[in-house]
Amino acid sequence: MGKPLIAGNWKMHGTAESARNLATQLSHHKFQENAVEMIIFPPLVHISAVSDVLANSRISLGAQNVSQYPNGAYTGEVSAEMLVDQGCKYVLVGHSERRVVFGESDQTVAEKFRAAQNAGLIPILCVGESLKQRQQDATFEVVAKQISAVIDLVGLDKVCQSVIAYEPIWAIGTGETASPEQAQDVHAAIRTQLGEAGRLTTLLYGGSVNKGNAAELFKQPDINGGLVGGASLEADEFLNIAQLVEA
Ligand code: PGA
């Protein structure tokens with residue numbers, strides 16, 4: 001069983017003040033000993049403000065994106081070391097919005113994964129199929145290929161030390177969730193692809209997770225937690241979802 005995690009991806013929302021307020025509300029929550037690890041992913045420009053708020057809390061900080069390059073003349077980019085310097089422990093790589101809207105290839109995602117791990121960050125590798133690919137019965141093939149691209153670059157053991165988030169693109173921000181069975185089937189296939197080395201790898205589900213559907217999803221044997229977008233922007237809703245991870 002992977003370590004239970006609940007991750008909140010704030011995407012491109014909010015001001016510094018709203019980011020600080022949301023982080024403050026979450027940080028006041030009394031987590032139980034050994035409870036689920038909560039990670040929040042604010043927009044990059046608010047990372048420092050949120051990092052200050054989280055300094056003495058049990059909540060971890062992550063970034064939504066990272067450069068594949070260590071440093072140098074890469075205007076507009078932010079390196080993995082800079083994220084570590086700001087207090088980040090995690091980083092999302094290969095979110096479908098990065099792949100689809102910003103054209104990140106499997107190769108670029110793999111390089112970002114490697115850069116993150118080299119700097120000591122834990123990458124959360126996001127994978128998932130489009131609606132068309134699901135309709136063509138290509139889901140397992142697409143997901144396996146996205147993971148293989150990273151294995152080819154860094155090796156299986158390094159991938160198994162990360163976190164993998166299965167996020168069907170058709171379920172992201174649409175209100176339509178994969179059924180618990182659909183999600184579990186893909187998670188089981190990922191677990192099989194990783195083999196023995198991936199027995200303890202944390203596998204998250206993402207795509208319109210909310211407090212109404214989270215319990216059934218998190219009951220599945222290969223789902224160790226969630227990557228939550230829209231429902232992570234409201235403290236009570238996100239905390240409710242977090243409490244369902246181990247229930
Ligand atoms: P959603 O986003 O929960 O709003 O569907 C999930 C994600 O993109 O990580």
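Heavy-atom basis, side chains included; hydrogens, waters and symmetry copies ignored.
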Looking at [X] and [Y], would you say the former's side chain and the latter's main chain have a donor-acceptor pair under 3.5 Å?
| X | Y | result |
| --- | --- | --- |
| His46 | Gly14 | yes |
| Glu216 | Asn213 | no |
| Gln182 | Ser179 | yes |
| Tyr205 | Gly207 | yes |
| Ser51 | Ser48 | no |

Contact summary for Leu217 and Ala178, nearest pair of heavy atoms: CD2-O, 3.8 Å
How about [X] and [Y]: do any of their side-chain heavy atoms sit closer than 4.5 Å?
| X | Y | value |
| --- | --- | --- |
| Ser60 | Glu37 | yes |
| Ile124 | Val91 | no |
| Asn65 | Val93 | no |
| Phe238 | Met38 | yes |
| Ile164 | Val159 | yes |
| Leu61 | Leu83 | no |
| His95 | Asn9 | yes |

Are [X] and [Y] joined in one hydrophobic group, where the rule is that I, L, V, M, F, W and Y side chains link up if heavy atoms are under 4.5 Å apart?
| X | Y | value |
| --- | --- | --- |
| Met82 | Ile122 | no |
| Val209 | Leu233 | yes |
| Val36 | Val228 | yes |
| Phe113 | Val78 | yes |

Can you name the side-chain contact (heavy atoms from CB on, under 4.5 Å) partners of [X], sequence neighbours left out?
| X | answer |
| --- | --- |
| Ser105 | Gln107, Thr108 |
| Ser67 | Tyr69, Glu77 |
| Ala110 | Val150, Leu153 |
| Lys30 | none |

Please say whether more than 12 non-hydrogen atoms of neighbouring residues, nucleotides or ligands are located less than 6.0 Å from CD in Glu181. yes
Quick check: are there more than 12 heavy atoms from other residues, nucleotides or ligands sitting under 6.0 Å from NZ of Lys158? no
Drop me the distance from [X]'s [atom1] to [Y]'s [atom2], to the nearest 0.5 angstrom.
| X | Y | atom1 | atom2 | answer |
| --- | --- | --- | --- | --- |
| Leu92 | Leu125 | CG | CG | 10.0 Å |
| Leu54 | Ile59 | CG | CD1 | 5.5 Å |
| Ser232 | Leu22 | OG | CG | 7.5 Å |
| Leu5 | Tyr90 | CG | OH | 5.0 Å |

How does the hydrophobic cluster around [X] look, that is, which other residues are in it when side-chain heavy atoms under 4.5 Å mark a link?
| X | value |
| --- | --- |
| Val100 | Ile169 |
| Trp170 | Leu131 |
| Val101 | Phe102 |

Note: Arg20-Glu17 ion pair, threshold 4.0 Å (strictly below): no
Run the side-chain hydrogen bond (donor to acceptor under 3.5 Å, both in side chains) test against Glu81 and tell me which residues pass, sequence neighbours left out. none
Across all chains, not counting sequence neighbours, the side-chain hydrogen bond (donor to acceptor under 3.5 Å, both in side chains) partners of Thr174 are none
Here the salt bridge (charged side-chain N to carboxylate O under 4.0 Å, His left out) pairs for residues 230-242, sequence neighbours left out, are Lys211-Glu237
Pairwise salt bridge (charged side-chain N to carboxylate O under 4.0 Å, His left out) hits with a residue in residues 101-124, at least two apart: Arg98-Glu104, Arg99-Asp106, Glu104-Lys112, Asp106-Lys145
Full working for side-chain contact (heavy atoms from CB on, under 4.5 Å) between Leu227 and Val163: CA-CA 11 Å; Leu227 175 54; Val163 174; over 6 Å; no
Acceptor/donor pairs from residues 183-192 side chains to any protein atom, 3.5 angstrom cut, sequence neighbours excluded:
from   : atom 1 : to     : atom 2 : distance (Å)
Gln184 : OE1    : Asp222 : N      : 2.9
Gln184 : NE2    : Asp222 : OD2    : 2.8
His187 : ND1    : Asp222 : O      : 3.0
His187 : NE2    : Leu204 : O      : 3.4
Arg191 : NE     : Asp222 : OD1    : 2.9
Arg191 : NH1    : Gly198 : O      : 3.0
Arg191 : NH1    : Thr201 : O      : 2.6
Arg191 : NH2    : Asn224 : OD1    : 3.2
Thr192 : OG1    : Ala188 : O      : 2.9

Trace of the side-chain hydrogen bond (donor to acceptor under 3.5 Å, both in side chains) decision for Ser79 with Asn71: CA-CA 6 Å; Ser79 74; Asn71 54 59; over 6 Å; no
Please report the C-alpha distance between Ser96 and Glu167 in whole Å, then the side-chain angles of each, then the deciding distance to 0.1 Å, and finally whether the side-chain hydrogen bond (donor to acceptor under 3.5 Å, both in side chains) criterion is met. CA-CA 8 Å; Ser96 67; Glu167 299 203 298; 5.4 Å; no
With side-chain hydrogen bond (donor to acceptor under 3.5 Å, both in side chains) as the test, would you mind laying out the steps for Tyr166 and Glu129 before giving the verdict? CA-CA 9 Å; Tyr166 168 57; Glu129 82 288 1; 2.9 Å; yes
